[in-house]
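What follows is a short report on a single structure.
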Protein chains: 2
Amino acid sequence: MSIQQDKIPEATLQRLPVYLYRLQTLQADGVGRVSSRTLAAQLRINSSRLRQDFHHFGGFSRPGQTYEVSHLVERLREILALGAPVHYVIAGAGYLGQAIAAYPRFGEDGFRLAGIFDINPKLIGLRFRGVAVQDIELLPELVGRLGVKLGVITTSPEAAQGVAELMVRAGITGIWNFAPVGLQVPEAVTLQDEFLSAGLMALHYRMQEGERGPEHRR
Amino acid sequence: MSIQQDKIPEATLQRLPVYLYRLQTLQADGVGRVSSRTLAAQLRINSSRLRQDFHHFGGFSRPGQTYEVSHLVERLREILALGAPVHYVIAGAGYLGQAIAAYPRFGEDGFRLAGIFDINPKLIGLRFRGVAVQDIELLPELVGRLGVKLGVITTSPEAAQGVAELMVRAGITGIWNFAPVGLQVPEAVTLQDEFLSAGLMALHYRMQEGERGPEHRR
DNA sequence: TAGATTGTTAATCGATTAACAATC
DNA sequence: TAGATTGTTAATCGATTAACAATC
């Protein structure tokens with residue numbers, strides 16, 4: 001059974017990591033099997049959605065039988081291509097870059113920090129997860145030498161475009177961008193924007209909505 | 001003209017901050033007017049989408065006339081209820097909590113850090129944005145005294161549920177949660193989950209998809 | 001067997017895009 | 001005026017939910 005399948009919906013893709021985390025927690029708790037109803041209830045989603053999401057891949061279980069937790073974890077990790085370690089570099093060693101470098105989860109998921117870079121001399125030499133901050137000019141050499149494909153941008157908005165171009169020239173093919181600007185990258189480069197302010201503002205808006213009372217929400 | 005309107009679509013709400021940022025940049029660059037076509041091109045979205053989003057509120061411009069940048073900025077800030085400063089607290093003063101405390105953008109947007117808390121004695125007393133880390137036990141008093149409604153959770157997954165309950169009891173009505181667990185909160189509390197791993201995993205998946213070549217993507 | 005469960009198709013719902021009249 | 005633009009309705013597209021046969 002190959003994991004080669006039709007392009008899966010974006011909405012489904014965004015949920016796979018959520019399923020994986022929940023299932024790993026169940027596994028750690030010693031739960032052997034779980035039904036779509038129970039799992040969906042824990043994630044507070046509709047069980048049809050869950051089954052429909054799994055349906056894009058197939059082979060998760062059989063009618064009448066609940067899901068085997070360990071099998072689901074295995075399949076999801078396979079689908080998400082988390083079998084082999086994934087190396088990545090960070091550009092921008094400020095607070096946010098440090099937070100990502102130090103975030104233990106990414107390591108557990110199989111992501112390995114290969115390098116962290118900045119232009120600020122004060123930051124160069126500081127160590128995170130055993131990796132010392134280097135001058136940004138050294139990024140291309142390291143990326144080329146280790147064949148790193150994944151780059152994280154946690155620089156200022158002003159510096160982000162330049163850093164993105166540097167990364168692309170060095171051979172990076174996927175950029176996780178935390179700078180609140182629209183980056184221009186070649187078609188072949190995959191871009192994932194993470195715009196933290198949007199989350200905060202959306203939350204604040206919905207809080208107001210709640211204040212006005214449910215009768216105003218229709 | 002009131003901003004009281006029907007519940008706006010979630011998809012539209014998530015885009016409003018993106019529009020606001022782009023428009024503020026244009027404003028800073030001295031751009032006075034902009035068409036939906038130009039603005040949409042800069043954000044790499046369809047111009048119909050932009051006009052449809054604005055249509056939920058009304059009064060952004062008139063047929064035949066382009067948008068006035070300053071008016072759009074004003075309206076969006078009004079819609080997002082960013083007129084008065086919004087106070088918030090952070091629970092969890094690790095790297096991620098520090099990053100949020102120090103993130104200059106939030107301040108510019110009108111969000112003010114009222115307090116930052118942790119259980120780790122080593123972190124207590126450290127200052128971020130002029131605010132000293134305090135023991136988590138002191139959170140309810142401060143939240144009650146200042147009437148803070150917005151709380152950010154950047155603790156470990158294990159501690160998150162307890163902290164959420166502490167916040168809710170203290171009077172917090174909106175929680176921005178960075179811990180990768182499903183929090184149980186009362187109906188009246190607005191919850192915004194920020195699951196960073198999902199972004200990273202989705203990016204990694206799409207990079208593989210790109211590698212397999214566009215012909216496999218249909 | 002009887003009750004519960006998945007895989008899968010169909011129905012519903014919501015979001016995006018197209019089209020165009022009214023307007024500048 | 002002629003060309004361009006918005007607001008708004010309609011058409012399309014995609015995602016969610018419901019329903020149920022096949023299966024345990």
Side-chain angles (χ1 to χ4, degrees), chain A residues 1 3 5-16 18-19 23 26 31-73 75-76 79 198 202 206 209 217-218, chain B residues 1 3 5-16 18-19 23 26 31-73 75-76 79 198 202 206 209 217-218:
Chain A
M1 175 169 28
I3 60 162
Q5 70 283 314
D6 287 347
K7 193 169 192 301
I8 63 165
E10 189 59 32
T12 296
L13 173 56
Q14 297 288 338
R15 280 190 295 267
L16 295 185
V18 179
Y19 298 153
L23 287 161
L26 289 176
V31 176
R33 307 195 75 96
V34 69
S35 70
S36 62
R37 198 145 103 79
T38 305
L39 184 53
Q42 290 174 358
L43 299 167
R44 291 202 281 300
I45 63 169
N46 188 296
S47 71
S48 277
R49 186 143 100 189
L50 197 140
R51 292 201 301 280
Q52 187 69 279
D53 280 341
F54 288 175
H55 180 232
H56 290 106
F57 307 99
F60 279 61
S61 183
R62 282 182 298 182
Q65 268 199 164
T66 53
Y67 298 106
E68 194 187 322
V69 174
S70 64
H71 182 236
L72 247 55
V73 167
R75 286 284 281 133
L76 287 171
I79 290 163
R206 279 198 255 103
E209 211 173 39
R217 281 188 276 168
R218 286 217 314 187
Chain B
M1 173 169 30
I3 60 162
Q5 71 283 313
D6 286 348
K7 192 170 192 302
I8 62 164
E10 190 58 33
T12 295
L13 173 55
Q14 296 288 338
R15 280 190 294 266
L16 295 185
V18 180
Y19 297 154
L23 287 160
L26 289 176
V31 177
R33 307 194 76 96
V34 69
S35 70
S36 62
R37 198 144 102 78
T38 305
L39 183 54
Q42 290 175 357
L43 298 168
R44 292 203 279 304
I45 63 169
N46 188 296
S47 71
S48 277
R49 187 143 97 190
L50 197 139
R51 293 201 301 281
Q52 187 69 278
D53 280 342
F54 288 175
H55 181 233
H56 290 106
F57 309 97
F60 279 59
S61 183
R62 283 182 296 182
Q65 269 198 163
T66 54
Y67 298 106
E68 193 187 324
V69 174
S70 63
H71 182 236
L72 247 55
V73 167
R75 286 285 280 131
L76 287 171
I79 291 163
R206 280 198 255 103
E209 212 172 39
R217 281 187 276 169
R218 285 217 314 185

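Here is the naming used below: chain letters follow the sequence lines, and residue numbers restart at 1 for every chain.
- For the OP1/OP2 pair of D:dT6 and a distance below 4.0 Å, the side-chain nitrogens and oxygens of B:S36 include at least one atom meeting the criterion.
- Candidate nucleotides C:dT5, C:dA18, D:dT5 were compared by shortest atom distance to the side chain of B:N46, and C:dA18 ranks first.
- Listed pair A:H55 / C:dT8 meets the phosphate criterion, a side-chain N or O lying under 4.0 Å from OP1 or OP2.
- In this entry the distance linking CG of B:D53 with P of C:dT17 reads 11 Å, nearest Å.
- At a threshold of 4.0 angstrom between heavy atoms, the contacts of B:F54 with the nucleic acid are absent.
- As a whole-Å value, the separation of B:R37 CZ from D:dG3 C1' is 12 Å.
- Residue A:I45 contributes atom CD1, which lies 13 Å from atom P of D:dA18 at whole-angstrom precision.
- Within the 4.0 Å cut-off from OP1 or OP2 of C:dT17, at least one side-chain nitrogen or oxygen of B:R49 is found.
- Residue-level contact check: A:R15 touches the backbone only, with heavy atoms under 4.0 Å from sugar-phosphate atoms and none from bases.
- Rounded to whole Å, the distance from CD on B:E10 to C1' on D:dT16 is 15 Å.
- When both pairing distances are held under 3.5 Å, D:dT23 makes a Watson-Crick or G-U pair with C:dA4.
- A:R37 and A:S47 share no donor-acceptor pair across their side chains, judged by distance under 3.5 Å alone.
- Between A:Y67 and C:dG7 there is a side-chain N or O to OP1 or OP2 distance below 4.0 Å.
- Comparing B:Q52 and A:S48 along DNA chain D, the residue whose closest nucleotide (by nearest heavy atom) sits nearer the 5' end is B:Q52.
- Of the side-chain N and O atoms in B:R62, one or more sit less than 4.0 angstrom from OP1 or OP2 of C:dC24.
- The closest side-chain donor-acceptor pair between A:T66 and A:R33 falls under 3.5 angstrom.
- In summary, A:R15 and A:E10 do not engage in a salt bridge, as defined by a charged side-chain N under 4.0 Å from a carboxylate O.
- The nearest whole Å value for the distance from the CD atom in B:Q65 to the P atom in D:dG7 is 10 Å.
- The aromatic rings of B:F54 and B:F60 lie parallel to each other, with less than 30° between the two planes, well short of the 60° mark.
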* When you look at B:R75 and B:E68, which way does the salt bridge (charged side-chain N to carboxylate O under 4.0 Å, His left out) test go after all the steps? -> CA-CA 11 Å; B:R75 286 285 280 131; B:E68 193 187 324; over 6 Å; no

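- The side chain of A:P63 approaches C:dT6 more closely than any other nucleotide in the set C:dT6, C:dA15, C:dA18.
- The distance from atom CZ of A:R51 to atom P of D:dA21 is 15 Å, rounded to the nearest whole Å.
- Rounded to whole Å, the distance from CG on A:L50 to P on C:dT6 is 9 Å.
- With rounding to whole Å, B:F60 atom CZ is found 12 Å from D:dT8 atom P.
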